[in-house]
Amino acid sequence: MQLLQVQGIGKRYRQGELEVRALADVELTVTEGEFAALVGPSGSGKTTLLNIIGGLDAPSEGKVLVNGKEITAMPEAVLSSFRLFELGFIFQAYNLVAVLTALENVELVMVLQGRPERERRERARHYLELVGLGKVMDRRPSALSGGQQQRVAVARALAAGPRLVLADEPTANLDSENATALLDIMYKLSKEEKTTFLFSTHDARVMERAQRIITLRDGRIESDERREQSSHARALA
Amino acid sequence: MSTRTLHTTAPGKARLPLATMLMLAWRNLWRHRRRTVVTLVSIAFGFGLAVVMIGFTDGGHNNMIRNAIKLGEGHITVQPRGYLENPANHRYLADGKALASQIQALGVPGSVEPRISLQVLASTPANSVGAGLEGLASVDDARAKMLQPRLIDGSWFEPGDERGIVIGDGMARKLKARVGAKVVLMAGTQGGDSQAQLGRVRGIFDSRVDEMDDFLVLADIGLARLFLQGEGADASLAPVTRFAIFLDDPDALAVWAQKLKTGLDSDTVVALDWREMMPQLVQFLFIDAAGSYIFLLLILVLVVFGIVNTVLMSVLERTREFGLLRALGLGRRHLLLLVFLESLLLGLLAVAVGWLLGGGAHLWFAYQGVNIGALMGDNTQMMGTFMDPIVYSELSWERVQQLTLLIFIATLASGIYPAIKAARVTPVQALRT
Ligand SMILES: Nc1ncnc2c1ncn2[C@@H]1O[C@H](COP(=O)(O)OP(=O)(O)OP(=O)(O)O)[C@@H](O)[C@H]1O
Ligand SMILES: [Mg+2]
């Protein structure tokens, strides 16, 4: 089933006299359960595309459908709750609320979803343990390393039970060891939870772990390469 | 039934329970502990100072009012209609007896003093001056009690003494009269004739209020009543010019003023409270309090700026976090409320600490008092009354409510701008940085 359909997306920015074309004629479909990487040089439009898919930004033209619902046509309030219930976000940095502990950060989204306290407490614990943070759940972000903070963000995204997780350079601030470790966790969870991942990256080693690599250049899709088995899956096997 | 809603309805809106919001607001407030403490203390200190200042203003003013009431015509005065606007010796209450029993029947808790006030000319061989003759029914009359300790020479007249008078030191000087001197009191009648009575000075007082020392002639009501008889009054009906009513509980003024008005007001009689009797004093006190109000206004401005500054700074620092929260699904309204709550908590905290400081100081000064006699010398008289040398801070419950409400409104007002600022954050802008 097509979980994500991007149809003829374009995005133009106006900078004074100049018009910047951040995206043009982007066509893309992502099937449920995929673990796909969005790559390309700096300024190629990765962030812009992920923001539009996540309903954080509006395209200049084209449509985005998630699970058959046209999010580009939703009013802001509807979009907002759509993000809450259907999407997970992992950003490059500043993923966490500073005054909340790791556990509370993971719980927060489930509070917003209106889940009962016991359920959300259990789920938060469970996912934090899955990402290997069982021992530091009660720490605030300032007392966690960059890699730990990103893992909290992964736990938060998954604990909310989204259909699609969007991650914009989740490993950009991590050293390569931490970066591959985070990717391993993301991959494992995507398989176990059957959650679809679309993430952008610069890092060749991170790219290798994807099952599909979508390459952007100057706002257009240059190539879209599927692999039977990612190097990562091979490594795990 | 719950399973149905669970499976068929579209995902609901983001819910942010108040408890969670309060927790977030509270923790955010203490994110920069020092900044918050500085803001808190400066607001609390300013507010405390305003409380003390208003406590002293109220204390001093209430003291003046109490003195004015004691020296004057009571909390409530019952007198002939039209007398206030146009006092004249022939305007009196001919049937004092009937009116006294009417007042009695209302059961006013306090004392009711029959009085006769007349405009006379006081003469000695040395001089003649205009004077206010005040006939008092008893030595326990509030005015008598107030002035008895202020006798500087001689003694008070005995009850029933139809010749004795007590005068102020100012009048004594003008008349060159000492204790024992004869003073002729003269008054015109409505018919155009004049009548006179002879008084003998029994004592001389110094009330501290020049208007009284220069003008008052106090006597037994019997002496004053002779003048009313001269106007044709029937002495057996106990004619008076007014009843001064002193309430045991001054806070009950409004209630009893109303009862007396509805019970007694007629074509010829009117009941007036002290505010109506002394409008100039009321006006004077209002203007005198302006300084405190201006100070309070400055404090409110301080509160607004303190809160806006603190919360706005923290909002600007948290742009990314707001962007994140919006991306996760929080609505603009949630952010608005969240930041508003931060201002509210800060404001409430500041008011609480402010009341602790200001209220503490107030209680101390309410008990201890401050000697302003040293500061102002003997010159504490104004508007026909005076301030005791030691002023005690006073805050009525209404004042407490008023001040709290004002500061609360200031807090609410200061919460608006930072909250709007936070709600305007868009995820894309916030996360780009
Ligand atoms: N708000 C904006 N105003 C003007 N131009 C913008 C704006 N946002 C993005 N752009 C431009 O759009 C293009 C795509 O930017 P985008 O951030 O999507 O690239 P990216 O692939 O994410 O780059 P990076 O790898 O550096 O993160 C760039 O040329 C960028 O300068
Ligand atoms: Mg980018």
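Quick note on labels: first sequence line is chain A, next is B, and so on, each numbered from 1. What you see below is based on every heavy atom in this structure, not just the backbone, and it leaves out hydrogens, waters and symmetry mates.
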So which part of [X] gets closer than 4.5 Å to some heavy atom of chain B, the side chain, the backbone, both or neither?
X	answer
A:N51	side chain
A:R140	side chain
A:A98	both
A:V111	both
A:Q92	neither

**Request:** Answer with side chain, backbone, both or neither: which region of B:L330 has an atom nearer than 4.5 Å to a non-hydrogen atom of chain A?
**Result:**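 Both backbone and side chain.
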**Asked** Which answer fits B:R332, side chain, backbone, both or neither, if we ask what part of it has an atom under 4.5 Å from a heavy atom of chain A?
**Response**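 Just the side chain, heavy atoms under 4.5 Å.
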**Between A:L79, A:D57, A:V97, the one whose heavy-atom pairs under 4.5 Å with chain B are most numerous** =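 Ranked by contacts with chain B, first place is A:V97.
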**Prompt:** With respect to chain B, which residue among A:V78, A:L84, A:L112 yields the maximal number of heavy-atom pairs within a distance under 4.5 Å?
**Reply:**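 When all of A:V78, A:L84, A:L112 are compared, A:L112 has the most.
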**Prompt:** Any luck finding a side-chain donor-acceptor pair between B:R399 and B:Q402 under 3.5 Å?
**Reply:**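 Per modelled atom types, B:R399 and B:Q402 side chains form a pair under 3.5 Å.
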**Message:** Check the orientation of B:F286 and B:Y293. Use parallel for under 30°, tilted for 30 to 60°, and perpendicular for over 60°.
**Reply:**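 Plane angle between 30° and 60°, so tilted.
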**Geometric class of the A:F89/A:F91 ring pair [parallel <30°, tilted 30-60°, perpendicular >60°]** =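 Plane angle under 30°, so parallel.
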**Prompt:** So does B:R27 pair up with B:E342, basic N to acidic O under 4.0 Å?
**Reply:**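 Not counted as a salt bridge, because no side-chain N and carboxylate O are separated by less than 4.0 Å.
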**Prompt:** Does A:R121 pair with A:E117 as a salt bridge, N-O distance under 4.0 Å?
**Reply:**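 Yes, A:R121 and A:E117 are salt-bridged.
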**Prompt:** Hey, which of B:N28, B:L16, B:L324, B:T426 has the most heavy atom pairs under 4.5 Å with chain A?
**Reply:**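 When all of B:N28, B:L16, B:L324, B:T426 are compared, B:L324 has the most.
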**Asked** In this structure, which one of A:I9, A:V6, A:L49, A:V26 forms a side chain to side chain contact (heavy atoms under 4.5 Å, CB included) with A:P59?
**Response**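 Looking at A:I9, A:V6, A:L49, A:V26, the match for A:P59 under the side chain to side chain contact (heavy atoms under 4.5 Å, CB included) is A:I9.
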**Asked** Can you check whether A:V39 reaches A:I214 side chain to side chain, under 4.5 Å on heavy atoms?
**Response**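 A side-chain contact is absent here, since even the closest heavy-atom pair is not under 4.5 Å.
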